[in-house]
Amino acid sequence: MAQQRKIVLQESDIPTHWYNIVADMPNKPLPPLHPGTKQPVGPADLAPLFPMELIKQEVTTNKWVEIPDEVRNLYSIWRPTPMFRAYGLEKALGTRSKIYYKYEGVSPAGSHKPNTAIPQAYYNAKEGIKKICTETGAGQWGSALSFACKLFDIECEVFMVKVSYEGKPYRKIMMNTWGATVHPSPSNLTNAGRSILAKDPNSPGSLGIAISEAVEVAATHDDTKYSLGSVLNHVLMHQTVIGLEALKQMEKAGDYPDIVIAPFGGGSNFAGIAFPFLQNNLTGGKKVRAIAVEPTSCPKLTRGVFRYDFGDTVGMTPLIPMYTLGHNFIPSPIHAGGLRYHGAGAIVSQLLKDGLIEADAINQTECFEAGILFSGAEGIIPAPEATHGIAEVIRQTKQADAEGVSKTILFNLCGHGNFDLGSYEQYLSGKLVDYEVSQEDINSSLAELTTPTI
Ligand SMILES: *Cc1c(COP(=O)(O)O)cnc(C)c1O
């Protein structure tokens, strides 16, 4: 075989350490602030929500954090994940550029999310926690955490955004199969949920609302901790196993990317694939372009503002320095449920502000078109979130071809779409519509913010 399609690693290649980009950032992210006092939060403020080891990881400036043997061992259920040279897609596009993708859909939950769910459940179990509460959008995070909690014999309770709860019943059943309890959000089980329902009984829900509900349950129960599937520093750090493996795989392929691309919800899979390459930009003289891709219906990176905002809708979480559309912003019910989040993590926000990464926003019909083309060329049906990355890859190859140059592009295929076929059905029957937020809607959501500016 002249051409190598699949680039695989050995179990011994599973990384031994997570990479913490904070150590290499020229401007460190600003500290999160207490929602009441507006002073930087300390470990004691976070202790009701998270186990101490994760709080330490949240604030550490050490460049490398060792992955516990038990976690590496569980990673080996599906890691190292394969990388593919996308010969089929290159041919379908007729491009002169080279396309590679790292495939995270081989995990039991079908996405990158177990990369952080496993260590989070591990540290909670080590500190004797019996129950974890969380939110989920499309159900990817909820299923990953349900799986991880089951492995460590921890009870798991999930608030699932109502549009997804109704539209993606198999994700819920997956969580139930791994032993979790799932509620549609907003629910009448919490003050947060009841306050939203009082204003809008037909609220489709949002990640911000579901976070408020899960945080409230954890904060009001001594035996329960909270867990977040994106945004926070330790979550992004856990995901760097993706990029650390990808570095080795690119080396095996005898190549190095000019551009690294990933879809963007809160920033975890983007950070996972991009940060180890950015390390080489920051310390090794490389110049990879890293592009985060968001939906036009929820364009915080391309049209939001950089200021302190809450991670949730009701205002219970610490204030995070982030690109945001405002915590009251309710994105249109697009199918990429995992990207319907008003804000972004502090690290990725700082990197964007400093011009060290780029962002683009794409409509969902362009994304599904890209997903259909990809599935025909490469076989895998991508998650609706992942199609955003593919659509950007196509944009970049077209631009390179128009300029008469060849680029080497790596993207993160962060999950498969086998539980998202309802959205493909809508696309195929011509019912899928685009949502572009009006500037008026963004302005009115931002006008409600009273949080500190930066
Ligand atoms: C959760 C999720 C996302 C968005 O979250 P990030 O933290 O930005 O990665 C994207 N794709 C898939 C498949 C997801 O499950």
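Both counts, for ligands and for their atoms, begin at 1 and track the order of listing. Note that these values count all heavy atoms, side chains included, but never hydrogens, waters or copies made by symmetry. Quick note: residue numbers are just sequence positions, from 1.
In this model, no donor atom of one side chain and acceptor atom of the other lie less than 3.5 Å apart for Gln140 and His112. Side-chain contact, Gln364 with Ser297: no donor N or O sits under 3.5 Å from an acceptor N or O. Checking Glu213 against Ser187 by side-chain atom types alone, a donor-acceptor pair falls below 3.5 Å. A donor atom on one side chain and an acceptor atom on the other are not found under 3.5 Å apart for Tyr100 and Gln249. A side-chain donor from one of Asn115 and Glu104 sits under 3.5 Å from a side-chain acceptor of the other. Between the side chains of Tyr226 and Glu135, at least one donor-acceptor pair of N or O atoms lies under 3.5 Å.
Of all non-hydrogen atoms in Phe374 and Ile380, the two that sit nearest each other are CD2-O, 3.5 Å. For the residue pair Phe270 and Ala262, the shortest heavy atom distance occurs at CA-CB, 3.5 Å.
Nearest protein neighbour of atom 4 (C) of ligand 1, counting heavy atoms only, is Gly338 O, 3.4 Å. Closest to atom 10 (C) of ligand 1 among all protein heavy atoms lies Glu385 CB, 3.5 Å. Of all protein heavy atoms, the one lying nearest to atom 8 (O) of ligand 1 is Gly265 N, 2.6 Å.
Proximity of Ala386 to ligand 1 is not established, as no heavy-atom distance is less than 4.0 Å. In this structure, Trp141 does not count as a contact residue of ligand 1, since none of its heavy atoms falls inside 4.0 Å of the ligand.
Near Ser230, meaning under 4.0 Å from one of its heavy atoms, ligand 1 places the atoms 6 (P), 7 (O). Close contacts of ligand 1 with Gln140, meaning ligand atoms under 4.0 Å from a residue heavy atom, involve 13 (C), 15 (O). Applying the 4.0 Å criterion to heavy atoms of Ser268 picks out, from ligand 1, the atoms 6 (P), 7 (O), 8 (O), 9 (O). Atom numbering of ligand 1 starts at 1 in the shown order; those under 4.0 Å from a heavy atom of Lys113 are 1 (C), 2 (C), 3 (C), 5 (O), 14 (C), 15 (O).
Only the side chain of His112 comes within contact range of ligand 1, with a heavy atom under 4.0 Å; no backbone atom does.
Here's the thing with Gly266: one of its N/O atoms is less than 3.5 angstrom from an N/O atom of ligand 1. Not one N or O of Ala383 is nearer than 3.5 Å to an N or O of ligand 1, by distance alone. Between Gly229 and ligand 1, not a single N/O pair is under 3.5 Å apart.
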Worksheet item: After noting the C-alpha distance and the side-chain angles of Glu245 and Lys102, does the key distance pass the salt bridge (charged side-chain N to carboxylate O under 4.0 Å, His left out) rule?
Response: CA-CA 9 Å; Glu245 288 179 6; Lys102 179 80 166 150; 2.7 Å; yes

